[in-house]
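A short write-up of the structure that comes next.
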Amino acid sequence: MEPGLENYLALSGILFAIGAVGVVYKRNAIGMFMCIELMLNAVNLSFVAFSRYYADVTGQLFVFMVMAVAACEAAVGLGIIIAFFRNRISVDVDDASILKH
Amino acid sequence: MVTTVLFFLLAGLAISCAGLTVYYRNPLYSALSLIGVFISLSVLYLTLAAPFIAITQILVYAGAIMVLVIFVIMLLNLDEEKPLNRLRHLYAIGGGLGLAMLAQAFFIFYAVLKTPKHVVDTESNVGSTMSIGTHMYTEYLLPVEIVGVMLLMAIIGAVMLVRKDTNASIEAAAEKETND
């Protein structure tokens with residue numbers, strides 16, 4: 001006996017909610033980045049669960065695409081964080097307010 | 001039966017590791033608990049008969065992305081983040097957002113629970129590397145090529161972002177080239 005599709009979707013939803021709350025709570029850019037990765041993973045889980053329960057390979061292919069996007073995001077996002085750190089000696093997103101005043 | 005027990009064990013591990021990722025103020029602890037989430041999701045993919053995705057999850061997420069993140073944390077020598085002193089209303093916004101999303105998750109749980117059961121075809125070879133590869137290079141060839149171009153653009157973008165050349169040195173180089 002296997003756990004039903006609804007269990008996987010609920011787990012996926014809970015992980016996505018934790019990731020979304022983390023993006024709002026976290027003060028440093030790397031923490032926000034990691035919470036975004038968590039949200040991408042939550043979506044991947046529901047893709048794979050649907051792929052299993054409808055016996056369709058498309059879901060798993062799109063997990064692959066999401067992973068490629070996550071890898072691009074890691075390269076560019078961490079590049080931006082390092083460039084920001086060079087200018088401000090901080091990765092706190094509150095310090096990224098130079099356009100504000 | 002084994003799958004059900006495994007599912008609840010891994011779901012608990014994933015949720016508690018995700019919670020710790022948000023809870024820890026030290027980014028290194030956050031990164032290590034995020035690796036716990038990735039590994040438990042990878043084992044969940046194995047129970048969903050998707051071995052290729054499970055291995056890719058370990059290779060790409062735990063092996064590449066998190067190594068890069070930990071490398072950057074170590075390189076920048078980050079301290080623990082300061083507690084939230086201003087923008088306290090973010091606690092309210094974040095809590096409201098989280099509650100709304102949890103409500104959605106449980107709504108989906110009940111909605112799917114109520115729909116008629118779909119019989120799972122346990123004999124299908126959907127998750128095998130062979131079937132994924134066959135579909136990837138026939139039916140979904142164009143998306144795969146677009147992903148390739150996107151990876152190239154990301155590499156170029158990352159190199160451009162972190163290079164040290166200032167505008168002055170670029171102009172000097174351009175001037176030198178026109179003089180030659």
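Heavy atoms only: backbone and side chains are in, while hydrogens, waters and symmetry mates are out. Everything numeric in this text was worked out from a predicted model, so none of it was measured. Note on naming: letters A, B, ... go to the chains in the order of the sequence lines (proteins, then strands), and numbering restarts at 1 for each one.
- Of the two parts of Y8(A), the backbone and the side chain both hold a non-hydrogen atom closer than 4.5 Å to a non-hydrogen atom of chain B.
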Walk me through whether L40(A) and Y61(B) qualify under side chain to side chain contact (heavy atoms under 4.5 Å, CB included). CA-CA 11 Å; L40(A) 287 172; Y61(B) 275 111; 4.1 Å; yes

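- With a 4.5 angstrom heavy-atom cutoff, N7(A) touches chain B via backbone and side-chain atoms both.
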Given side chain to side chain contact (heavy atoms under 4.5 Å, CB included), test I53(B) with F47(A) step by step and report yes or no. CA-CA 11 Å; I53(B) 297 297; F47(A) 268 137; over 6 Å; no

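- Remark: the Q57(B) side chain and the N44(A) side chain contain no N/O donor-acceptor pair separated by less than 3.5 Å.
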For V57(A) and I132(B), what are the C-alpha separation, side-chain angles and deciding distance, and is it a side chain to side chain contact (heavy atoms under 4.5 Å, CB included)? CA-CA 7 Å; V57(A) 80; I132(B) 289 179; 3.8 Å; yes

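- Contact annotation for I18(A): both backbone and side-chain heavy atoms come within less than 4.5 Å of a heavy atom of chain B.
- When each of S30(B), A64(B), S131(B), G95(B) is scored by its heavy-atom pairs under 4.5 Å with chain A, the top score falls to S30(B).
- Taking CD of E73(A) as the reference point, atom CE of M150(B) lies at 10.5 Å (rounded to 0.5 Å).
- With respect to chain A, the highest number of heavy-atom pairs below 4.5 Å among V72(B), V147(B), T21(B) belongs to V72(B).
- Comparing A100(B), G96(B), G148(B), A31(B) by heavy-atom pairs within less than 4.5 Å of chain A, the highest count is held by A31(B).
- For L78(A), the part sitting under 4.5 Å from any heavy atom of chain B is the side chain, from C-beta outward, and nothing else.
- When heavy atoms are compared at a cutoff of 4.5 Å, L11(A) approaches chain B solely by way of its side chain, counted from C-beta outward.
- C35(A) touches chain B through its side chain: at least one heavy atom from C-beta onward sits under 4.5 Å away, while N, CA, C and O do not.
- Taking 4.5 Å as the limit, some side-chain heavy atom of L76(B) sits within range of a side-chain heavy atom of I81(A).
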Starting from the C-alpha separation in whole Å, work towards a yes-or-no answer on side chain to side chain contact (heavy atoms under 4.5 Å, CB included) for E6(A) and I108(B). CA-CA 7 Å; E6(A) 67 276 2; I108(B) 292 170; over 6 Å; no

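- Contacts of L45(A) with chain B are made by both backbone and side-chain atoms, with heavy-atom separations under 4.5 Å.
- In this structure, the side chain of R52(A) does not engage the main chain of Y45(B) through any donor-acceptor pair within 3.5 Å.
- For chain B, no part of V23(A) is nearby; none of its heavy atoms comes within less than 4.5 Å.
- The nearest pair of heavy atoms linking M65(A) to P143(B) is CE-CB, 3.7 Å.
- S51(A) touches chain B through backbone and side chain together, each having a heavy atom under 4.5 Å away.
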